[in-house]
Amino acid sequence: QVQLVESGGRLVQAGGSLRLTCAASGRTFSSNAMGWFRQAPGKEREFVAGIKWTGSGTVYADSVKGRFTISRDNAKNTVYLQMNSLKPEDTAAYSCAARSSGNVVTGASGYDYWGQGTQVTVFS
């Protein structure tokens, strides 16, 4: 059994920063990719960022490039999403996901394990 638990979401003013954390337990992903997705009310879930667990490869959605940074701490089985220069359109429930294979993909169907999500609300 695999568990992914996100934390760090909260209400924040536009222009501010947040760091989301995703802690994995039950299995280590020493060579597998992790991703962050988000879903706003009335919208489809969208890919935000992904990272290869042991590599340096990262992928970002165009909407967050230059503002968000994904990173990982293998020793802690943890993935982070640093979000800077937040905008109201970043408001969504953010979920982390894990793949059973190594390369990052942007489609949600490519991920096998999901967390419950953490809410980020950005107000202007």
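- Residues L81 and T69 fail the side-chain proximity criterion, which asks for heavy atoms closer than 4.5 Å.
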#### Entry: Chi angles and distances behind the side-chain contact (heavy atoms from CB on, under 4.5 Å) call for T91, V120
CA-CA 5 Å; T91 295; V120 173; 5.9 Å; no

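- Taking OG1 from T21 and CG from D73, the interatomic distance works out to 10.5 Å, rounded to the nearest 0.5 Å.
- With values rounded to the nearest 0.5 angstrom, Y113 atom OH is found 10.5 Å from Q3 atom CD.
- In terms of the side chain to side chain donor-acceptor pair (under 3.5 Å) criterion, residue partners of E46 (sequence neighbours excluded) are, by chain and number, R38.
- The side-chain heavy atoms of C22 and M34, taken from C-beta on, include a pair separated by under 4.5 Å.
- Counting only residues at least two apart or on different chains, the salt bridge (Lys or Arg N to Asp or Glu O under 4.0 Å) pairs with a member in residues 57-66 are D62-K65.
- For the side chain to side chain contact (heavy atoms under 4.5 Å, CB included) test, residues two or more places apart in sequence or in another chain that qualify with S71 are Y80.
- In this structure, E44 places its CD atom where only 12 or fewer heavy-atom neighbours from other residues, nucleotides or ligands lie under 6.0 Å away.
- Remark: S85 pairs with R67 by the side chain to side chain contact (heavy atoms under 4.5 Å, CB included) rule, at least two apart or across chains.
- Listed by chain and number, the residues in a salt bridge (Lys or Arg N to Asp or Glu O under 4.0 Å) with K43 amount to none (sequence neighbours excluded).
- Taken to the nearest 0.5 Å, the OG1 atom of T118 stands 9.0 Å off from the CG atom of L18.
- When atom types are taken as modelled, the side chain of T78 and the backbone of K76 share a donor-acceptor pair closer than 3.5 angstrom.
- Between the side chain of Y60 and the backbone N or O of I70, at least one donor-acceptor pair lies under 3.5 Å.
- Scanning for side chain to side chain contact (heavy atoms under 4.5 Å, CB included) contacts around A93 gives Q119, with sequence neighbours left out.
- V104 belongs to a hydrophobic cluster whose other members, connected by ILVMFWY side-chain contacts under 4.5 Å either directly or through intermediates, are F37, F47, V59, V105, Y111, W114.
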### Query
Between L86 and F68, does a side-chain contact (heavy atoms from CB on, under 4.5 Å) hold up when you go through it step by step?
CA-CA 9 Å; L86 283 161; F68 291 11; 3.9 Å; yes

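- N84 meets the side chain to side chain donor-acceptor pair (under 3.5 Å) test with S17, Q82; sequence neighbours excluded.
- Of all the heavy atoms in I51 and R72, the pair that sits closest is CD1-CD, 3.2 Å.
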Tell me which donor-acceptor pairs under 3.5 Å the side chains of residues 5-15 have, and how far apart each pair is, sequence neighbours excluded?
from : atom 1 : to   : atom 2 : distance (Å)
E6   : OE1    : Q116 : N      : 3.1
E6   : OE1    : G117 : N      : 2.9
E6   : OE2    : C96  : N      : 2.9
E6   : OE2    : G117 : N      : 3.3

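- Closest non-hydrogen pair, K52 versus N103, comes out as NZ-OD1, 4.2 Å.
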